[in-house]
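What follows is a short report on a single structure.
Computed from heavy atoms alone, side chains included, the values below leave out hydrogens, waters and symmetry copies.
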Amino acid sequence: MAEPYGAAPGHAPTPTQQQTPPGHPGYQPAPGHPGYQQAPGYPGYQPAPGHPGYQQAPGYPGYQPAPGHPGYQQAPGYPGYQPAPGHPGYQQAPQPPRAYHHALRRDQGGNVWRGILALVMFGVGFVLLQIPATVVILLQSDVNLLGEDLMSGLRITPLGMLVTNLSLAALWPLSLGIQRLLYGVRPGSLHSVAGKIRWRLFLMLAAVLLPAYLLYTALNPLVFPTETGVFTATHAAFIVIAILTTPLQSAGEEVGFRGLVQRAVGGWFVSPRVALVIGTLISAVLFAIAHGAGDMWLNVYYVVFAVALTVMTWRTQGLEAAIIVHAANNTFIMILNSALGMDFDGMFDREAGVGGPFMLVGMAMCVLATALVWWRTRTPKAREAMRLPEPVTPNPWEGRNPGS
């Protein structure tokens, strides 16, 4: 006896299968036969192509994973829609916070060429900014530009000091602009991980660093005999200029060298530790070169000074401590020399033989200042003032009890 249409051997036919032969409307193959589709509501049901709910099989053109499955993307115009990478409107997910010295590293690449270009732009800007000060000093000096001993004829006047300080202070906005142009990050992030100068922390550190440098400066004439002169109105002008502009000059150098240079070099390396070490070395050497000293002792002092400021910056994750130390050191020395009626014409004499072992005292002061910063930032209140984002890796506090 012949089986009815639509019935598999050994199976009872359904009414539809008995009434609808192949090729006629409503025909449905039996389970397991080509073209069979499960009825809606049963496990394994898949709508036919063009019907509501149909999904293309994985690997075929037009395949779209179901909501909640890996690779699913919301359709344009719906809440949560995110274009695929490379498509218009795609936005890179924000990278987690990094330590201050490593914050300019970009996950999407371009770190090396951006870092090199940042150094070149900063170097060119540094040289160009010194031109006004150089012109003013030369015009006010009785020097032979073709002579061999040019430095000995230079005269440092209050106007020359003012222009010099303001030229170095201009490194601050220059560095902010270079970072913004090349890295596209907020300018304030060059000051600290909090994205701005943390004034509460600034005052806490100033309360211990300023008295220390004031005492160090006051003891200088007792430890190192210095030549004194007659105090004049010119020396009074030097004091006013030192108070008003030397802190800005110091801040400009710190934002430039401990900020932009250190971070631009640090962005070359994946490892935060390697970034810290190499960035410190390169920024310290460039800092010493920028001072144009021909004396070995002076260059060693500049490197030690730069490394100490970098350690303070790493400890606090910002430039506040470095700016305070640099400004206190330069400002107090300027005020002392002016008060003693000293001659400023030899200020830029940094040739061989100017320095000596006596500069070990200045280097020891750098170490002491670093220790003071470390000690002052050991408490929970100081850590709160630092406003460290979580997680900052490597975090100088990681794995340590900050103390009480």
Side-chain angles (χ1 to χ4, degrees), residues 92-130 168-197 251-292 299 302-303 305-320 322-323 326 389 391-396:
Q92 178 76 15
Q95 64 183 25
R98 300 183 189 272
Y100 177 80
H101 68 277
H102 204 220
L104 290 186
R105 179 165 180 83
R106 298 160 51 96
D107 292 334
Q108 58 268 44
N111 297 291
V112 175
W113 72 262
R114 280 186 171 85
I116 293 175
L117 186 55
L119 297 185
V120 171
M121 293 176 66
F122 179 77
V124 172
F126 180 89
V127 173
L128 293 178
L129 287 172
Q130 304 316 305
L168 292 171
L171 295 175
W172 191 341
L174 173 68
S175 301
L176 296 178
I178 292 174
Q179 177 182 264
R180 180 65 176 176
L181 177 65
L182 296 181
Y183 295 92
V185 297
R186 292 175 54 197
S189 65
L190 197 52
H191 300 139
S192 72
V193 290
K196 59 183 179 180
I197 296 177
E253 292 186 20
E254 289 310 305
V255 173
F257 287 96
R258 250 62 63 191
L260 179 66
V261 173
Q262 173 93 25
R263 285 152 56 96
V265 174
W268 296 346
F269 305 97
V270 176
S271 169
R273 291 179 176 84
V274 175
L276 177 62
V277 173
I278 304 300
T280 299
L281 292 176
I282 292 180
S283 63
V285 170
L286 292 178
F287 179 73
I289 293 175
H291 283 77
N299 282 317
Y302 289 136
V303 169
F305 188 66
V307 171
L309 296 177
T310 298
V311 173
M312 299 177 200
T313 300
W314 174 78
R315 170 70 171 182
T316 61
Q317 295 294 294
L319 295 174
E320 293 87 354
I323 291 174
H326 200 153
V392 170
T393 306
N395 188 330

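- Two residues are said to be in side-chain contact when any heavy atoms from C-beta on lie closer than 4.5 Å; Arg98 and Val193 fail this criterion.
- Taking all atoms of both residues into account, the shortest heavy-atom contact from Tyr183 to Asn111 is OH-O, 4.5 Å.
- Under a 3.5 Å cut-off, the side chain of Tyr302 and the backbone N or O of Val285 do not form any donor-acceptor pair.
- Here the closest non-hydrogen pair linking Pro187 and Leu176 is O-CD2, 3.2 Å.
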Return a table of donor-acceptor pairs under 3.5 angstrom between the side chains of residues 113-121 and protein atoms on other chains or two or more places apart.
from, atom 1, to, atom 2, distance (Å)
Arg114, NE, Leu182, O, 2.7
Arg114, NH1, Gly110, O, 3.4

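- Between His102 and Phe269, the distance from one ring center to the other does not fall under 6.0 angstrom.
- One finds the CD atom of Gln179 at 7.0 Å from the CG atom of Leu260 (value rounded to the nearest 0.5 Å).
- Closest approach of Asn299 and Ala288 over heavy atoms only: OD1-O, 4.0 Å.
- Applying the salt bridge (Lys or Arg N to Asp or Glu O under 4.0 Å) rule to Arg258 yields the partners Glu254; only residues at least two apart in sequence or on another chain are considered.
- Ile282 has its side chain within reach of Trp268: a pair of non-hydrogen atoms, C-beta onward, lies under 4.5 Å apart.
- Residues Ala169 and Pro173 come closest through the heavy atom pair O-CD, 3.5 Å.
- With a 4.5 Å cut-off on side-chain heavy atoms, Tyr100 and Leu319 count as touching.
- The main-chain N or O of Gly259 is never found under 3.5 Å from a side-chain atom of Gln262 such that the two would form a donor-acceptor pair.
- At least one side-chain heavy atom of Leu168 sits under 4.5 Å from a side-chain heavy atom of Leu171.
- Between Ser189 and Arg263, the closest side-chain pair of non-hydrogen atoms falls below 4.5 Å.
- With His101 contributing its side chain and Pro272 its backbone, the two residues share a donor-acceptor pair below 3.5 Å.
- Put simply, NE2 on His326 and CZ on Phe287 are 4.5 Å apart, with the number rounded to the nearest 0.5 Å.
- The minimum heavy-atom distance between Val265 and Gly279, with the atom names listed, is CG1-CA, 3.7 Å.
- Using cut-offs of 30° and 60° on the angle between ring planes, the pair Phe126 and Phe122 is tilted.
- Counting all heavy atoms, side chain and backbone alike, Leu104 lies closest to Ala264 at CD1-N, 4.0 Å.
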